[in-house]
Amino acid sequence: MSSHSAAAPDPETATPLHTLAPELAFPQFERSAPFDPPQAYTELSGRCPVAPVSMADGKPSWLITSFEGVRTTLSDPHFSSDMSHPGFPNRTGKPVDDLLKDTLGAMDGERHRYYRRMLTGELTVRRAKAMRPVITQITDEALDQLAAAGPGADLVKHVAFVVPSRVACHLVGIPLSDYELFTGMAATLMDSTSSDDQFAALQNMVSYFDTLVTDREHHDRDDLLGHMVRRYLATGELTRDMLIRLAWTTMAAGQETTAHMIGLGVAALLRHPDQLELLRREPHLLPGAVDELMRYLPLIQFGIPRVAMDDVEVDGQTVTAGEGVVALPPLANRDPAVFERPDELDVRRNARQHLTFGYGPHQCPAHALARLELEVVYGRLLERFPTLRLADSDADLKVQDKDIMYRVSELAVTW
């Protein structure tokens with residue numbers, strides 16, 4: 001078990017991180033199966049749930065892989081999200097994390113709570129449920145496009161990338177005609193291969209949202225951006241720069257993660273026909289299946305970084321002030337101490353406590369909307385295409401395994 005109290009270093013466990021030999025280099029990518037976390041993480045997790053690793057920039061950090069260890073890291077206020085701290089882990093070895101400095105996910109304490117409450121008021125469970133008709137309509141239109149393109153059509157292209165971006169456009173207030181533009185900018189932001197392209201995409205996105213904010217200052221729109229302009233920008237509670245930052249991070253995070261979960265989730269179900277058939281026979285299992293797929297699939301492959309601001313004990317290991325940690329939800333979600341048969345996909349499992357949405361003060365504020373989107377897409381897809389299957393069941397799954405988010409890059413399906 002992990003202890004999450006600040007504590008004086010224990011002489012038995014408080015060996016400074018920089019003096020330890022790294023167990024492995026981060027990140028790792030080689031997998032034994034497409035839906036499993038990288039094999040090196042799995043082997044390490046069993047013998048050392050808090051392990052010294054070498055980050056991509058050569059600096060040391062702790063890798064946290066147990067369920068309780070990840071929850072401690074994400075909820076203990078002595079761990080900070082401040083990326084400007086010199087000990088904060090750089091997961092890619094490039095200045096890409098600079099993109100996220102001074103965004104909501106990189107704030108702590110009262111400042112974080114101040115801005116987060118502005119968003120959570122727009123993302124309540126009640127508001128998510130009210131969006132079900134819109135999500136269903138958008139999904140049905142995407143499935144029409146899939147049907148027109150097939151059989152043998154790419155589900156990622158016609159459904160996975162379309163539905164979340166259009167839902168996000170509706171929520172925030174972006175014209176639907178611009179959804180492809182925004183999808184392209186968000187995808188480039190999440191692509192870790194080119195820092196220059198990422199910063200260029202960010203500048204384009206900021207400029208685009210600045211135009212939208214100007215529109216809301218002159219026109220009364222009933223959408224998230226319009227509400228925030230009236231409630232917070234006009235009253236001086238929010239600066240223009242911060243409003244734009246909140247808007248683009250909400251759009252990018254919601255669009256990318258849900259899109260990848262649609263592609264990965266459908267691929268996993270098609271590769272597990274017994275579970276797929278179970279959902280077809282018992283559609284009431286769908287809400288639970290959404291959480292089980294989020295537990296089972298290794299979406300957040302670069303983990304969630306933090307830096308210790310005080311000495312904190314995690315799984316018997318003292319992390320001293322100034323040291324960086326990377327919490328890995330995909331490994332925590334496979335912790336056998338919490339989930340029986342963790343490497344099996346079981347849509348009957350109660351997996352609601354999975355950590356794919358994070359945990360603690362930074363837990364994804366749009367988790368209710370994301371769950372609803374996935375439930376609607378999986379459900380309508382199974383209803384509309386009762387004989388859905390992989391176009392080539394013997395072909396290797398096409399994945400993009402070097403990005404911040406693990407994803408299916410193409411999924412050819414037939415029916």
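- For Asp401, there are no salt bridge (Lys or Arg N to Asp or Glu O under 4.0 Å) partners, not counting sequence neighbours.
- No side-chain heavy atom of Trp62 sits less than 4.5 Å from a side-chain heavy atom of Val53.
- Here Thr136 contributes atom OG1 and Leu143 contributes atom CG; the two are 10.5 Å apart, rounded to the nearest 0.5 Å.
- A salt bridge does not link Arg230 to Glu217: none of the charged side-chain nitrogens sits closer than 4.0 Å to a carboxylate oxygen.
- Judged by distance alone, with hydrogens and angles left aside, the side-chain atoms of Thr214 form a donor-acceptor pair with the main-chain N or O of Asp210 at under 3.5 Å.
- His272 is linked by a ring-ring contact (aromatic ring centres under 6.0 Å, His included) to Tyr296, counting only residues two or more places apart in sequence or in another chain.
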Side chains of residues 27-35: which donor-acceptor pairs under 3.5 Å do they make with residues two or more places apart or in other chains?
residue: Gln28; atom: NE2; partner: Ala25; partner atom: O; Å: 2.7
residue: Arg31; atom: NH1; partner: Asp36; partner atom: O; Å: 2.7
residue: Arg31; atom: NH2; partner: Gln301; partner atom: OE1; Å: 2.6

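- Judged purely by atom type and a 3.5 angstrom limit, Thr211 uses its side chain to pair as donor or acceptor with the backbone of Ser207.
- A salt bridge is absent between Lys59 and Glu323; no separation between the charged side-chain nitrogens and carboxylate oxygens falls under 4.0 Å.
- A salt bridge (charged side-chain N to carboxylate O under 4.0 Å, His left out) check over residues 359-373, counting only residues at least two apart or in different chains, returns the pairs Asp291-Arg371.
- In this structure, Asp274 has no salt bridge (Lys or Arg N to Asp or Glu O under 4.0 Å) partners at least two apart in sequence or on a different chain.
- Ion pairing between a basic and an acidic side chain is recognised when a charged N comes within 4.0 Å of a carboxylate O; Arg352 and Glu292 show no such pairing.
- You'll find the side chain of Val312 reaches within 4.5 Å of the side chain of Phe79, heavy atoms only.
- Between Val307 and Val325, every side-chain heavy-atom pair lies at or beyond the 4.5 Å cut-off.
- Listed by chain and residue number, His260 satisfy the ring-ring contact (aromatic ring centres under 6.0 Å, His included) test with Phe161 (two or more places apart in sequence, or in another chain).
- Residue pairs meeting the ring-ring contact (aromatic ring centres under 6.0 Å, His included) criterion with at least one member in residues 111-137, sequence neighbours excluded: His112-His362.
- Rounding to the nearest 0.5 angstrom, the gap separating the OG1 atom in Thr120 from the CD atom in Glu122 is 9.0 Å.
- For the salt bridge (Lys or Arg N to Asp or Glu O under 4.0 Å) test, residues two or more places apart in sequence or in another chain that qualify with Asp215 are Arg221.
- Rounding to the nearest 0.5 Å gives a distance of 11.0 Å between CG of Asp223 and SG of Cys169.
- Considering only residues two or more places apart in sequence or on other chains, Arg348 meets the side-chain hydrogen bond (donor to acceptor under 3.5 Å, both in side chains) condition with Glu282.
- The salt bridge (charged side-chain N to carboxylate O under 4.0 Å, His left out) pairs that include a residue from residues 154-175 are Glu141-Arg166, where partners are two or more places apart or lie in different chains.
- Proximity of Tyr378 to Val266: side-chain heavy atoms (C-beta onward) are separated by under 4.5 Å at one or more points.
- Partners of Arg113 under the salt bridge (Lys or Arg N to Asp or Glu O under 4.0 Å) rule, at least two apart in sequence or in another chain, are Glu110.
- Looking only at distances, no side-chain donor or acceptor of Glu410 sits under 3.5 Å from a matching main-chain atom of Ala412.
- Inspection of the Asp222 and His227 side chains reveals an N or O donor paired with an N or O acceptor under 3.5 Å.
- In this structure the side chain of Met309 never reaches within 4.5 angstrom of the side chain of Asp108, judged on heavy atoms.
- In this structure, the side chains of Arg91 and Pro305 come closer than 4.5 Å at one or more pairs of heavy atoms.
- In plain terms, the two heavy atoms of Leu246 and Thr250 that are nearest each other are O-OG1, 2.7 Å.
- Residue pairs meeting the ring-ring contact (aromatic ring centres under 6.0 Å, His included) criterion with at least one partner in residues 328-349, sequence neighbours excluded, are Phe67-Phe339.
- The residues Arg71 and Asp76 are annotated as not salt-bridged, no charged nitrogen and carboxylate oxygen being separated by less than 4.0 angstrom.
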